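Lettering follows sequence order; numbering is per chain, from 1. This is a predicted model, so every value here is computed, not measured.
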Protein chains: 2
Amino acid sequence: MRDRVREAVRVLDYHPNIMAQGLARQRSYLIGLVYENPSPSYGVDLQMGVLDRLRGERYRLVVLPVRSVNDHADEVVGLLRSAAIDGVVLAPPASDSRRILDELVGIGMPFARISPTQFDDIVPGVVVDDVVAAAEVAGAVLAQGHRRIGIIKGDPTHAASSARMTGYADAFAAAGARIDPTRVIDGLFTFDSGFAAARTLLDRPDRPTAILAQNDDMAVGALMAARELGIDVPRDLSIVGFDDSEIARITWPRITTMRQPVFDMAVSATSLLLDQLSGTPVPATIAHEHRLILRESIAPPPVAGG
Amino acid sequence: MRDRVREAVRVLDYHPNIMAQGLARQRSYLIGLVYENPSPSYGVDLQMGVLDRLRGERYRLVVLPVRSVNDHADEVVGLLRSAAIDGVVLAPPASDSRRILDELVGIGMPFARISPTQFDDIVPGVVVDDVVAAAEVAGAVLAQGHRRIGIIKGDPTHAASSARMTGYADAFAAAGARIDPTRVIDGLFTFDSGFAAARTLLDRPDRPTAILAQNDDMAVGALMAARELGIDVPRDLSIVGFDDSEIARITWPRITTMRQPVFDMAVSATSLLLDQLSGTPVPATIAHEHRLILRESIAPPPVAGG
DNA sequence: ATGAAAGCGCTAACAA
DNA sequence: TTGTTAGCGCTTTCAT
């Protein structure tokens with residue numbers, strides 16, 4: 001009998017109607033990924049991670065890009081409900097939006113936060129220690145002897161930007177130095193913003209001997225700016241990034257950076273979400289390790305500038 | 001009365017249940033994007049294009065990445081049906097899979113093909129002339145005087161690979177030259193495959209003075225290989241890519257490439273799909289223009305090699 | 001203009 | 001084990 005059904009399925013080429021299934025069982029088997037898209041590198045790793053984890057699972061991924069999370073936090077939740085999504089992976093800065101988190105809790109939609117930096121009571125989430133990581137990468141530059149250091153921050157609406165700034169400051173303090181606020185420029189996590197910021201930093205006569213960029217796209221932008229000004233990296237200028245995106249290893253010199261396992265974090269976050277959806281208890285937090293990736297983009301400062 | 005309803009909606013914070021709506025009206029407001037992911041650059045442009053067109057529309061995007069379209073063509077269709085998708089944008093090489101196209105036609109699911117190269121009767125689709133485009137970029141290299149030219153092909157399972165090869169051959173013929181088959185290597189559209197292929201090409205004593213890569217990721221891989229071998233680009237080696245992805249403008253030297261408006265093509269394909277879904281008649285084909293983007297990665301061959 | 005009712009295709013609870 | 005039935009929340013058709 002069981003076999004007769006199978007046979008009929010085959011003969012009729014029967015495929016269940018997902019929406020009827022969903023209606024009856026209150027489940028769409030769709031999960032969402034909310035993110036802003038400043039850095040393509042980051043977005044790719046993120047999405048690949050989620051998709052990788054979803055492979056073989058019944059769930060599908062709906063991408064919900066948002067222009068600016070902070071401007072449109074309310075829309076996001078409406079988006080989520082109206083998309084009939086079972087749960088959502090929140091990437092920065094959506095993962096730090098009180099508004100979004102509260103609504104999600106309110107409507108009882110499961111979620112997993114990637115790199116949350118506040119509201120620690122709202123779980124689960126996947127984290128790395130941004131502050132310590134930033135301190136380490138800044139420390140590597142300071143250890144080379146650099147003191148005239150420019151900083152290209154990330155998008156100010158992302159909490160990671162200030163967290164990394166704090167880490168930089170810690171490293172400077174530990175080295176008996178301090179950050180020169182006139183050499184700190186806000187970027188947007190994009191190549192172009194890094195390029196522009198670096199031009200500003202490098203156009204000054206007392207230009208920095210090193211630049212700390214808060215992600216790799218901006219670091220590569222800075223590298224391009226240096227190139228156009230005829231400044232040799234790393235001889236005349238050291239540059240470090242953050243993330244260890246693919247972009248950091250395809251340039252020349254390759255960029256020294258702080259590895260943040262975005263792909264793995266996305267996998268973990270997705271697991272956290274799937275577990276919730278299947279009723280499995282989940283830990284409040286999954287921590288991932290950062291790691292300094294030393295490449296050719298740093299060197300001691302030039303003698304004249306040391 | 002109408003107002004009383006609106007008021008109730010507000011008070012109860014009523015949100016329609018999409019799946020019930022879907023069940024009743026046989027529509028999920030979900031569209032799919034099927035693609036293989038060799039080149040991250042291409043994938044990003046593609047997806048951004050679709051999402052951009054979807055902004056403000058009711059439709060959401062479900063991403064359906066496929067390991068290898070050719071190995072799993074049958075799965076794809078199952079995926080599509082079971083995902084309750086209203087229509088699908090097919091990127092290469094899914095857009096060239098007879099199996100997939102037939103099934104789609106069979107079940108009556110609307111679709112739009114991006115860069116189809118065969119089965120012209122199956123429409124609609126968004127195209128650029130790969131052959132002519134490839135001929136132009138090869139022509140630019142030949143015009144510099146290069147004759148010992150290496151070629152890094154794309155993934156052989158993508159029809160674009162052979163189309164571009166045809167274009168290269170046309171250009172060689174027009175220049176009274178011919179392709180040296182021993183200098184043609186299959187790549188996979190990835191940075192690493194371009195790197196490996198370039199190493200092979202450059203390790204020979206009579207190494208080429210120019211390399212044609214069939215996309216930008218591989219061109220940048222070739223650039224890296226040259227760097228590691230101490231070969232100066234463009235002085236000792238010219239390199240050109242294809243696509244004009246962001247990756248081609250963030251390296252040094254920046255890569256001369258053939259602009260293929262992937263983003264715009266994705267927008268057009270999505271429009272084609274949305275129009276079908278709304279019952280609007282659509283043209284069989286939307287053509288997009290290619291354009292040679294001259295950058296610093298090419299120069300005349302070195303004298304000793306000319 | 002408003003109300004009533006019959007599905008949409010499935011799941012889950014219950015009977016047989 | 002197999003069969004039956006009542007919803008799931010909406011749209012659409014038909015009556016009022």
Side-chain angles (χ1 to χ4, degrees), chain A residues 1-32 54 56-62 64 75-88 103-104 106-110 273-280, chain B residues 1-32 54 56-62 64 75-88 103-104 106-110 273-280:
Chain A
M1 152 63 43
R2 192 172 221 80
D3 294 337
R4 286 177 51 204
V5 173
R6 289 196 200 294
E7 177 60 13
V9 165
R10 211 184 50 69
V11 173
L12 302 174
D13 188 29
Y14 169 85
H15 282 260
N17 177 316
I18 298 288
M19 282 180 300
Q21 239 176 245
L23 218 212
R25 126 165 49 163
Q26 303 296 14
R27 206 149 249 224
S28 63
Y29 292 101
L30 254 28
I31 71 167
L54 249 30
E57 300 283 347
R58 189 171 185 180
Y59 287 85
R60 302 252 140 45
L61 206 223
V62 177
L64 302 163
E75 292 174 29
V76 172
V77 180
L79 217 64
L80 292 174
R81 332 176 55 142
S82 68
I85 277 170
D86 289 346
V88 60
E103 289 263 22
L104 252 21
I107 62 177
M109 181 181 289
L273 188 57
L274 293 180
D275 284 348
Q276 290 179 73
L277 291 171
S278 67
T280 311
Chain B
M1 151 62 43
R2 192 173 223 77
D3 293 337
R4 286 176 52 204
V5 172
R6 291 196 198 294
E7 177 60 11
V9 164
R10 210 183 52 68
V11 172
L12 301 174
D13 189 28
Y14 169 85
H15 282 259
N17 178 316
I18 298 288
M19 282 180 299
Q21 238 176 249
L23 219 212
R25 108 164 68 160
Q26 304 295 18
R27 207 151 245 227
S28 62
Y29 292 102
L30 253 28
I31 71 167
L54 249 30
E57 300 282 347
R58 189 173 184 179
Y59 286 85
R60 301 256 140 43
L61 205 223
V62 178
L64 302 163
E75 293 174 27
V76 173
V77 181
L79 216 65
L80 293 174
R81 332 176 54 146
S82 67
I85 278 170
D86 289 345
V88 60
E103 289 263 21
L104 251 22
I107 63 178
M109 181 182 289
L273 188 57
L274 293 180
D275 284 349
Q276 290 179 74
L277 291 170
S278 68
T280 311

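- Side chains of B:Leu277 and B:Ile31 form a contact here, defined as non-hydrogen atoms less than 4.5 Å apart.
- Extent of DNA chain D lying under 4.0 Å from chain A heavy atoms, first and last nucleotide in 5' to 3' order, is D:dT2 to D:dG9.
- Heavy atoms only, all atoms of each residue included: A:Met109 and A:Ile85 are closest at CE-O, 3.4 Å.
- Side-chain atoms of A:Asp86 come within 3.5 Å of backbone N or O of A:Ser28 as a donor-acceptor pair.
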What does the B/S/- profile of nucleotides 9-16 of chain C look like, 5' to 3', with a 4.0 Å heavy-atom cutoff to protein? BBS-----
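- Among residues two or more places apart in sequence or in another chain, the side chain to side chain contact (heavy atoms under 4.5 Å, CB included) test is passed with A:Asp13 by A:His15, B:Arg81.
- B:Arg60 places no side-chain N or O within 3.5 Å of a backbone atom of A:Leu79 that could act as its donor or acceptor partner.
- Among residues two or more places apart in sequence or in another chain, the side chain to side chain contact (heavy atoms under 4.5 Å, CB included) test is passed with B:Val11 by B:Glu7.
- The side chain to side chain contact (heavy atoms under 4.5 Å, CB included) with A:Tyr59 is formed by just one residue from the set A:Leu274, A:Leu30, A:Leu273; it is A:Leu274.
- Non-hydrogen atoms lying under 4.0 Å from DNA chain C are contributed by nothing in residues 3-12 of chain B.
- Judged as a side chain to side chain donor-acceptor pair (under 3.5 Å), the pairs with a partner in residues 16-25 of chain A (not counting sequence neighbours) are, in order, A:Arg25-A:Tyr29.
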Verdict with supporting geometry, A:Leu64 and A:Leu80, side-chain contact (heavy atoms from CB on, under 4.5 Å): CA-CA 8 Å; A:Leu64 302 163; A:Leu80 292 174; 3.4 Å; yes
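- When all heavy atoms of B:Gln276 and B:Pro110 are compared, the closest pair comes out as OE1-CB, 3.8 Å.
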